[in-house]
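Reading through the structure tokens given below for one structure.
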Amino acid sequence: MPNVFNPPWWAKSPHVQTILPVFTKVAKPVLERQRLELPDGDFIDLDWQARPEIGKPIVVIIHGLEGSAQSHYARRILQACKEQGLAAVVHHHRSCSGETNRLARSYHSGDTDDLQFSLSLLQQTYPQSPLLAVGYSLGGNVLTKYQGEYQEHSLLSRAVVVSAPLQLSACAKRLENGFSKVYQSHLIKQLQHKVNQKLADPELAGAMALSPMQVAHLNTFYDFDDKVTAPLHGFLGVEDYYTRASGLPFIKCITKPTLILHAKDDPFMTDAVIPHSSQLSDHVEYELHAHGGHVGFIEGGTPWKPRYYLERRILDFLLANDALSAP
């Protein structure tokens, strides 16, 4: 059965599931970069592993917070696509492709405009190719919101959402407690570094109303989102951002086949991300596993060479029969 996941005895810990994949060697993909110029003067980058043959599907990969095409999960799904002869492309959020974006603003958990821009370009360029997508963590929340916002106008034939923080406020608070603070600290340092790079640019600093010293004190997602993410992206404050950007309320509006995968022991989450049956659209398949951590789902192998559930499950769902025709 494709939806049965059982971790090996040595990977039952959510932290092993979350951390081990980061340190496990995955072949570096050979990628071709395509830069997209955005209407507001900024840019985003697509990294292609292979372009599609006429009529063949394209798998669009949407990475998580501060991720990229080089993230462990992105490398693995790229490798799995290569093995199956599938065209695959990574949609980078602004500033995540190795080059700082041009504007003071960056990206956030509810930004579906850039994704729509990428998908529209792909559809125009490859009109006979069905578009399939998988979103991880923050990218999964973006993908959920996109599917719910665009509904039957979604440019995707099918989608998979992995370990998404569908209730942002609850997830931000979860990361302030216990060992989860380690994950928060690691990610916040990366975000602070990017903000400081922009503060060093006189043309951008004026739009931010912050000093490097103030940025250094933004040590939680709640504080960072309140002082940086929310004001830079047109929200009234952190609560307004979390309310409007969370993917959970959009699930019931989805009209295209979508699989949502969560682990109950995800150290980034609480039970607040788990939708009630009344919140699930008939077009959504929801899988909640007892174990799996955050974007982990190690199902076997050895600690030195783990085997994963994700790639098999993702492609099984995306390549179902009705995915082979463009929307």
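If you're wondering where the values come from, they're calculated on a predicted model, not measured in any experiment. Position 1 is the first residue of the sequence; numbering continues from there.
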| request: Please go through Trp304's hydrophobic cluster and name the other residues, only I, L, V, M, F, W, Y counting, with side-chain heavy atoms under 4.5 Å joining them. | output: none
| Any salt bridge (charged side-chain N to carboxylate O under 4.0 Å, His left out) pairs touching residues 85-100, not counting sequence neighbours? | Arg35-Glu99, Asp40-Arg94, Asp42-Arg94, Arg94-Asp114
| If you look only at pairs with a residue in residues 117-145, which of them pass as a salt bridge (charged side-chain N to carboxylate O under 4.0 Å, His left out), with sequence neighbours excluded? | Lys145-Glu149
| task | Provide the closest heavy-atom pair for Arg307 versus Gly301 in the form atom of the first, atom of the second, distance. | result |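 Between these two residues, the closest heavy atoms are NH1-N, 3.4 Å.
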Side chains of residues 52-69: which donor-acceptor pairs under 3.5 Å do they make with residues two or more places apart or in other chains?
{"residue": "His63", "atom": "ND1", "partner": "Gly67", "partner atom": "O", "Å": "3.3"}
{"residue": "His63", "atom": "NE2", "partner": "His93", "partner atom": "N", "Å": "3.1"}
{"residue": "Glu66", "atom": "OE1", "partner": "Lys194", "partner atom": "NZ", "Å": "3.0"}
{"residue": "Glu66", "atom": "OE2", "partner": "Tyr107", "partner atom": "OH", "Å": "2.6"}
{"residue": "Glu66", "atom": "OE2", "partner": "Lys194", "partner atom": "NZ", "Å": "3.2"}
{"residue": "Ser68", "atom": "OG", "partner": "Gln70", "partner atom": "N", "Å": "3.0"}

| Does the side chain of Gln184 reach to within under 4.5 Å of the side chain of Glu176, using non-hydrogen atoms? | yes
| message | Could you check whether any side-chain heavy atom of Tyr146 comes within less than 4.5 Å of a side-chain heavy atom of Leu155, counting everything from C-beta outward? | response |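 Of all side-chain heavy-atom pairs linking Leu155 with Tyr146, at least one is under 4.5 Å.
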Partners passing side chain to side chain contact (heavy atoms under 4.5 Å, CB included) against [X] (at least two apart in sequence or in another chain):
X      : answer
Asp282 : none
Pro21  : His72, Arg76, Ile298, Tyr308
Ser211 : Met213, Gln214
Pro212 : Asn196, Leu199

| request: Kindly determine whether Lys82 and Glu311 satisfy salt bridge (charged side-chain N to carboxylate O under 4.0 Å, His left out), including the steps that lead there. | output: CA-CA 12 Å; Lys82 183 178 181 180; Glu311 290 71 47; over 6 Å; no
Please name all residues satisfying side chain to side chain donor-acceptor pair (under 3.5 Å) with [X], sequence neighbours left out, ordered by chain then number.
X      : answer
Glu299 : Arg312
Tyr241 : Ser109
His289 : Glu287
Thr18  : none

| task | Indicate whether any N or O donor in one side chain lies under 3.5 Å from an N or O acceptor in the other, for Arg174 and Thr270. | result | no
| Are side-chain N/O atoms of Ser154 and Gln147 paired as donor and acceptor at under 3.5 Å? | yes
| message | Is the ring pair Phe297/Tyr309 parallel, tilted or perpendicular, if the boundaries are 30 and 60 degrees? | response | tilted
